[in-house]
Amino acid sequence: MSRENWVLVVVAAVLAAAMLAGAVLLAIRVVRTRRMLGALGAGGKVAFYGALIYTILPVDLLPDPIYLDDMGVLAGALFYLGRLVAKHRAEQRAAGESPAATLPPGTAPRR
């Protein structure tokens, strides 16, 4: 194999490893939001479990060495869950309750 081909193989391997690391980090962040699912309702549960199932199942829009579709689904779920948490906290403030009162420990707003 020529030197140019080895360089392409190494670059492709590094890119695949970086995409895999990004997908794993996003999956970890989605799993950490599991603590808040009880307060977020059915929409939050569907987004959470749907994103995890799509990521784990072997049926993808793109082949598995390319994790861009998995990363997109996980990022979309995180965005949606973040909006649900913000909405829930705003409703709790409007009702006069502490937003941390209805969310599990460790999910209180940071200041």
Side-chain angles (χ1 to χ4, degrees):
M1 198 183 267
S2 70
R3 182 171 174 82
E4 292 84 20
N5 288 341
W6 278 109
V7 170
L8 288 175
V9 168
V10 169
V11 168
V14 168
L15 287 174
M19 284 190 286
L20 177 61
V24 168
L25 290 175
L26 283 171
I28 289 170
R29 291 196 64 187
V30 169
V31 169
R32 286 184 180 169
T33 63
R34 184 184 68 221
R35 290 179 257 150
M36 295 181 261
L37 286 181
L40 299 181
K45 290 178 184 177
V46 168
F48 174 79
Y49 290 114
L52 287 182
I53 289 170
Y54 181 83
T55 302
I56 293 170
L57 287 179
V59 178
D60 284 340
L61 293 176
L62 297 173
D64 264 341
I66 304 170
Y67 295 103
L68 293 177
D69 60 332
D70 295 332
M71 291 172 66
V73 169
L74 290 169
L78 278 174
F79 179 75
Y80 179 70
L81 290 170
R83 289 181 59 127
L84 285 178
V85 168
K87 181 180 174 185
H88 176 73
R89 289 181 178 161
E91 289 172 355
Q92 294 303 317
R93 283 190 199 109
E97 297 178 19
S98 169
T102 59
L103 293 176
T107 59
R110 295 181 183 149
R111 295 179 193 227

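Because the structure is a prediction, the values reported are computed rather than measured.
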Who pairs with Ala77 by side-chain contact (heavy atoms from CB on, under 4.5 Å), at least two apart in sequence or on another chain?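 Scan of Ala77 (side-chain contact (heavy atoms from CB on, under 4.5 Å), adjacent residues dropped) gives Ala51.
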Report the residues that fulfil side-chain contact (heavy atoms from CB on, under 4.5 Å) with Phe79, sequence neighbours left out, ordered by chain and then residue number.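 Partners of Phe79 under the side-chain contact (heavy atoms from CB on, under 4.5 Å) test: Arg83.
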From Lys87 atom NZ to Gln92 atom CD, the distance as rounded to the nearest 0.5 Å: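 If we round to the nearest 0.5 Å, Lys87:NZ and Gln92:CD are 12.5 Å apart.
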To check you understand the geometry: which heavy-atom pair defines the closest contact between Leu81 and Ala47, and what is its length?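 For Leu81 versus Ala47, the nearest heavy atoms are CD2-CB, 4.4 Å.
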Using every non-hydrogen atom in the two residues, find where Gly43 and Tyr80 come nearest and quote the distance to one decimal.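 For Gly43 versus Tyr80, the nearest heavy atoms are O-CE2, 3.5 Å.
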Within one Ile-Leu-Val-Met-Phe-Trp-Tyr cluster: [X] and [Y], side-chain cutoff 4.5 Å:
{"X": "Tyr49", "Y": "Leu78", "value": "yes"}
{"X": "Met19", "Y": "Ile28", "value": "yes"}
{"X": "Val7", "Y": "Leu15", "value": "yes"}

Is there side-chain contact between Val24 and Leu20, with heavy atoms separated by less than 4.5 Å?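 Counting from C-beta outward, Val24 and Leu20 do come under 4.5 Å.
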